[in-house]
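Below is one structure, written out as structure tokens, with a few remarks after it.
What you see is a predicted model; the values in this text were computed from it and never measured. Each ligand, and each atom within it, is numbered from 1 in the order the structure gives.
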Amino acid sequence: TRVLALTGGVGGAKLCLGLDRLLPPGTLQILVNTGDDFEHLGLHISPDLDTLLYTLAGRANPAMGWGLEGETWNAMGALEQLGGSTWFRLGDKDIATHLFRTARLAAGDDLAAVTADLARRMAISSVVHPMSCQAVRTTVHSDEGDLPFQHYFVRRRCEPRVHGFSFEGIEDAAPNPAVMELLAKNHFSQVVVCPSNPFVSIDPILKLRGLWKALRDCDAPVVMVSPIVAGLAIKGPAAKMMAELRVPVTALGVARHYAEHYPGLVDYFLIDESDATLADDINRLGLKARVAPTIMNTLEQKIELARLCLALELR
Ligand code: FO1
Ligand code: CA
């Protein structure tokens, strides 16, 4: 098995952890959204890459859903005393990651090389790829105007009503060349789209030039896990965004989004047991609906869902 997973933040990282622990070392490659990235306090922050790296390294902070476990906040406290900007909280240990990344980028290394080194230093055996080495920056169009993603998400706590998204730089950004080459060579036996936010985690990846068609046209089946379960997002603003975009807040609404924008891409659409009644409507969209327990609280549940994603083609 050679698996490519697409992921954004926390929900996606959970399934990636299951895949990482299930598969032999080196057989999982992960393509990660970088539309959430931004420059802050002079540092290059890549929240989704960091969430994934920390999760796979077993060092993620489970309570916060971002950052490192056992974190301290001395730098933020000192910065606050200086009257510096502290709305985006960088933990003392987390800052080391951003310093490392920022310095290496300034020295001329690209984001893929820096990410590979971070993964190696954290003893991660899966291959972690940024979706692009060029800047793609998600802008949220809202009733408070156009907001850079982290301003919408962290500073404004996802409160503004959204009416669309754009991804600055996406036309000029090259999709990760290593992944494009592997897709062209039909390297992967399976593609898994993790349960991440369709609009701000997966869309930016799929909208990179040539990427979604390369995924559609490779021989590997594409399995997607619904990020919406029983009308709710497990984590994050996906459900709120769907409601504001007037998309039905269901797994069917998610399936329709992908069927409309990326026809022929998704082969299997895995929904939770609680949404079993949506299966027929999803099948009518041309996606093969499959039903399973998709809630991932324990490591065992993450590994079990990973196993199921890889077994779908056999059933
Ligand atoms: N999320 C927050 O809600 N508040 C924060 O202060 C915050 C800081 C932060 C620092 C580094 C990092 O990599 C992520 C951080 N996040 C924070 C998480 C975050 O940016 C979002 O969860 C993602 O962008 C959404 O996927
Ligand atoms: Ca295909």
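- Counting only heavy atoms of the protein, atom 22 (O) of ligand 1 lies nearest to Phe153 CE2, 3.5 Å.
- Every atom of ligand 1 with a heavy atom of Asp94 under 4.0 Å away is listed here by number and element: 10 (C), 11 (C).
- At a heavy-atom distance under 4.0 Å, no atom of Thr51 approaches ligand 1.
- Within the protein, the number of N, O or S atoms lying under 3.0 Å from the Ca ion (ligand 2) is 1.
- Using modelled atom types and a 3.5 Å distance limit, the side chains of Ser46 and His44 yield a donor-acceptor pair.
- The side-chain heavy atoms of Asp281 and Arg284, taken from C-beta on, include a pair separated by under 4.5 Å.
- Heavy atoms of other residues, nucleotides or ligands lying less than 6.0 angstrom from CD of Glu80 number 12 at most.
- Looking from atom 23 (C) of ligand 1 to the surrounding protein, the closest heavy atom is Asp36 OD2, 3.6 Å.
- For ligand 1, the atoms closer than 4.0 angstrom to any heavy atom of Gln150 are 19 (C), 20 (O), 24 (O).
- Among protein heavy atoms, the minimum distance from atom 13 (O) of ligand 1 is reached at Pro47 CA, 3.4 Å.
- Tyr262 and Asp203 share a side-chain donor-acceptor pair at under 3.5 Å.
- When hydrogens are left out, the protein atom nearest atom 6 (O) of ligand 1 is Arg89 N, 2.9 Å; that is the closest non-hydrogen contact.
- For the pair Val266 and Arg216, the minimum side-chain heavy-atom distance is 4.5 Å or more.
- For atom 10 (C) of ligand 1, the nearest protein heavy atom (residue, atom name, distance) is Phe88 CE2, 3.2 Å.
- Interface atoms of ligand 1 facing Phe149, defined by a heavy-atom separation under 4.0 Å, are 24 (O).
- Interface atoms of ligand 1 facing Val154, defined by a heavy-atom separation under 4.0 Å, are 1 (N), 2 (C), 3 (O), 4 (N), 5 (C), 6 (O), 17 (C).
- Screening Phe88, Tyr152, Phe153 against Phe38 for a ring-ring contact (aromatic ring centres under 6.0 Å, His included) leaves a single residue, Phe88.
- Between His40 and Gln150, the side chains place no donor N or O within less than 3.5 Å of an acceptor N or O (distance only, hydrogens not considered).
- At a heavy-atom distance under 4.0 Å, no atom of Val10 approaches ligand 1.
- Here Arg156 pairs with Glu144 in a salt bridge; the nearest charged N to carboxylate O distance falls below 4.0 Å.
- Crowding of Arg121 atom CZ: a count of heavy atoms from other residues, nucleotides or ligands under 6.0 Å not exceeding 12.
- Between the side chains of Asp20 and Ser126, at least one donor N or O sits under 3.5 Å from an acceptor N or O.
- Annotation for Ile282 and Ala289: closest pair CG2-CB, 3.8 Å, computed over non-hydrogen atoms.
- Residue contacts with ligand 1: Trp66 is placed with a nitrogen or oxygen under 3.5 Å of a nitrogen or oxygen of the ligand (distance criterion only).
- Note that the CG atom of Leu68 and the CZ atom of Arg59 stand 5.0 Å from one another [nearest 0.5 Å].
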